[in-house]
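Have a look at the structure below before the remarks.
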Amino acid sequence: MDEGTFARAAEEYAGRLYAVARRLLGNRADAEDAVQRALLKAFAARASYSPRWAVSTWLYRVLANVCIDELRRRRTRDGAAEALRAGGGGRGRVERLDLERALAAVPREARVLLALRYVDGLSHRELAAIRGISVNTVKSQLARGKAIVRQTLEGGDDGQD
Amino acid sequence: MDRIDAMLREFFAPAAPPGLGARLGAALRAARTAARALDRSFRVEATARGVRRLVPGTGVGADSPAARRHAARARAELAEYLAGRRTFFAVPLDLAGLPSFQRRVLAAARRIPFGATASYAELARRIGRPRAARAVGNALGANPVPVLVPCHRVVRGDGTWGPYAFGGAMKTALLRLERTTPALIGCTSTRIVCRRGCAHEQRVREAHRVVFASVADARSVGYRACRVCRPARAA
């Protein structure tokens with residue numbers, strides 16, 4: 001991939017990469033830092049990019065790698081205090097806080113998949129490629145993550161899916 | 001599509017802060033010109049039991065074939081570490097000549113995970129001497145094997161650096177290096193998770209690399225831990 005193609009792809013996806021990082025890491029500074037690091041890594045490794053992948057799949061892979069390592073560092077730093085912090089925005093603020101709290105209860109791997117799924121509507125197959133796991137694992141992780149969100153929000157009294 | 005789906009979709013809606021694109025572009029341009037120069041001039045001294053001293057300088061001090069092997073291995077591991085390809089040191093150390101208090105402090109410092117930091121007071125608590133933060137600082141200051149025993153991961157309670165044998169700039173560089181080097185790597189074709197620096201991990205192709213935050217996370221999505229570097233033990 002040449003530099004021009006890379007720069008265009010980076011520009012096209014910067015917003016979505018940022019959205020994933022922001023929701024996983026909880027604040028703007030860390031999210032921007034993560035996107036920047038991910039793009040630098042992707043740029044440095046662009047020779048190893050395989051054209052049978054969509055560019056977005058590859059960029060999301062690199063971003064997820066950066067964000068997950070950041071979450072690992074937080075875990076070792078201060079136990080379970082990696083909860084997502086409140087974002088801005090006045091509308092629906094209470095609902096938003098509830099959702100953040102509910103997402104914080106979702107295990108890391110499932111949370112990463114949820115973020116990728118809902119930011120860009122990625123398919124199960126793409127998610128499987130991004131994290132290097134099977135499509136069935138993607139499905140079960142997403143279902144489990146959503147079930148935990150639902151349970152936390154609704155007190156677990158809703159059986160439908 | 002149900003209510004939870006709708007909520008999640010709205011929650012994850014992209015909203016980039018203004019100027020993000022320009023800042024990223026500038027960072028990309030800067031990275032192409034930036035020189036990644038870490039000071040690599042270490043002098044390694046070893047005995048037949050392991051590495052005894054690591055000091056600024058060059059060359060090797062070793063008086064037996066076993067000692068030379070340890071010194072060579074330390075050098076190779078340090079080069080990988082500084083290149084961001086290693087997150088742990090497997091070369092044996094020889095700290096036998098040190099006072100027992102200092103040995104305990106160094107042992108506690110070795111247990112601070114790659115990429116993490118702890119304060120002097122925290123380390124003092126961990127060795128059961130909560131009031132000995134200053135003595136801990138002195139013991140670390142006299143660390144004969146910096147980097148191999150990661151005293152650079154110990155910082156002041158207020159987050160500023162303490163003194164460092166190789167200078168404050170080196171401490172900053174090491175902490176930054178650790179911040180940008182992932183520790184647990186999974187291979188998407190073998191579904192095995194390794195510590196960065198494991199011989200198996202070093203053979204994983206770039207396109208097959210995924211990062212995990214813990215071995216438990218990796219297991220939850222179908223990966224197993226490497227039997228050589230045993231990442232679960234280190235975490």
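In what follows, chains are A, B, ... by sequence order, proteins preceding strands, each numbered from 1. The basis for the numbers below is simple: all heavy atoms, side chains too, and nothing from hydrogens, waters or symmetry mates.
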- Most heavy-atom pairs under 4.5 Å with chain B, out of A:Asp33, A:Ile68, A:Val62, belong to A:Ile68

- chain A heavy atoms under 4.5 Å from B:Ser189: which part of the residue, side chain, backbone, both or neither? neither

- Message: Quick check on A:Glu11: does its CD atom have over 12 non-hydrogen neighbours (other residues, nucleotides or ligands) under 6.0 Å away?
- Response: no

- Message: Minimum heavy-atom separation for B:Ala183 and A:Arg72, please, with both atom names.
- Response: CB-CZ, 3.4 Å

- Query: Is the shortest distance from a Lys or Arg side-chain nitrogen in B:Arg179 or A:Glu70 to a carboxylate oxygen in the other one below 4.0 Å?
  - Reply: yes

- Closest heavy-atom pair and its distance - B:Ala207, A:Arg61: O-NH1, 3.0 Å

- May I ask you to test the B:Ser214-A:Arg108 pair for a side-chain heavy-atom distance under 4.5 Å? yes

- Query: Quick one: CD on B:Glu178 to CG on A:Asp69, what's the gap to the nearest 0.5 Å?
  - Reply: 11.0 Å

- Item | Crowding at CZ, B:Arg224 (>12 non-hydrogen neighbours, <6.0 Å) | yes

- Query: How close do B:Val221 and A:Ile133 get, heavy atom to heavy atom, and via which atoms?
  - Reply: O-CG2, 3.6 Å

- Message: Would you say CZ of B:Arg126 has more than 12 non-hydrogen atoms from neighbouring residues, nucleotides or ligands within 6.0 angstrom?
- Response: yes

- Task: With the side chain counted from C-beta on, respond yes when B:Phe12 and A:Asp120 share a heavy-atom pair under 4.5 Å apart, and no when they do not.
- Result: no

- Item | Distance-minimising heavy-atom pair for A:Gln141 and B:Ser220 | NE2-O, 3.1 Å

- Does A:Arg131 use its side chain to pair, donor to acceptor, with the backbone of B:Val211 at less than 3.5 Å? yes

- Query: Should the pair B:Asp2-A:Arg150 be classified as a salt bridge under the 4.0 Å nitrogen-to-oxygen rule?
  - Reply: yes

- Message: How about CZ on B:Arg191, more than 12 heavy atoms from neighbouring residues, nucleotides or ligands closer than 6.0 Å, or not?
- Response: yes

- Message: Please check: side-chain N/O of B:Asp217 versus main-chain N/O of A:Glu109, any donor-acceptor pairing under 3.5 Å?
- Response: no

- Query: Got more than 12 heavy atoms from elsewhere within 6.0 Å of CZ, A:Arg125?
  - Reply: no

- Message: At a 4.5 Å cut-off on heavy atoms, which part of B:Phe212 comes close to chain A: side chain, backbone, both, or neither?
- Response: both

- Would you say the side chain of B:Arg3 lies within less than 4.5 Å of the side chain of A:Glu154, judging by non-hydrogen atoms? yes

- Can you tell if the side chain of B:Glu10 reaches within under 4.5 Å of the side chain of A:Tyr118, non-hydrogen atoms only? no

- Task: Before giving the answer on side-chain contact (heavy atoms from CB on, under 4.5 Å), spell out for B:Arg9 and A:Val119 the whole-Å C-alpha distance, their side-chain angles and the decisive distance to 0.1 Å.
- Result: CA-CA 7 Å; B:Arg9 191 149 305 172; A:Val119 167; over 6 Å; no

- chain B contact via A:Trp58 - side chain, backbone, both or neither, heavy atoms under 4.5 Å: neither

- Got B:Pro113 and A:Arg73 here, is their nearest side-chain heavy-atom distance under 4.5 Å? no

- Closest heavy-atom pair, A:Leu153 versus B:Ile4, reported as atoms and distance to 0.1 Å, is CD1-CD1, 4.0 Å

- Message: With a 4.5 angstrom heavy-atom cut-off, is it the side chain or the backbone of B:Leu8 that approaches chain A, or both, or neither?
- Response: both

- Message: I'd like to know which of A:Ala115, A:Ala110, A:Ala14, A:Ala102 tops the heavy-atom pair count under 4.5 Å against chain B.
- Response: A:Ala115

- Message: Check whether A:Lys41 reaches the backbone of B:Thr180 with its side chain - one donor and one acceptor, N or O, closer than 3.5 Å.
- Response: yes

- More than 12 heavy atoms from other groups under 6.0 Å of CZ on B:Arg205: no

- Query: Given a strict heavy-atom distance threshold of 4.5 Å, which part of A:Ile130 is in contact with chain B: side chain, backbone, both, or neither?
  - Reply: backbone

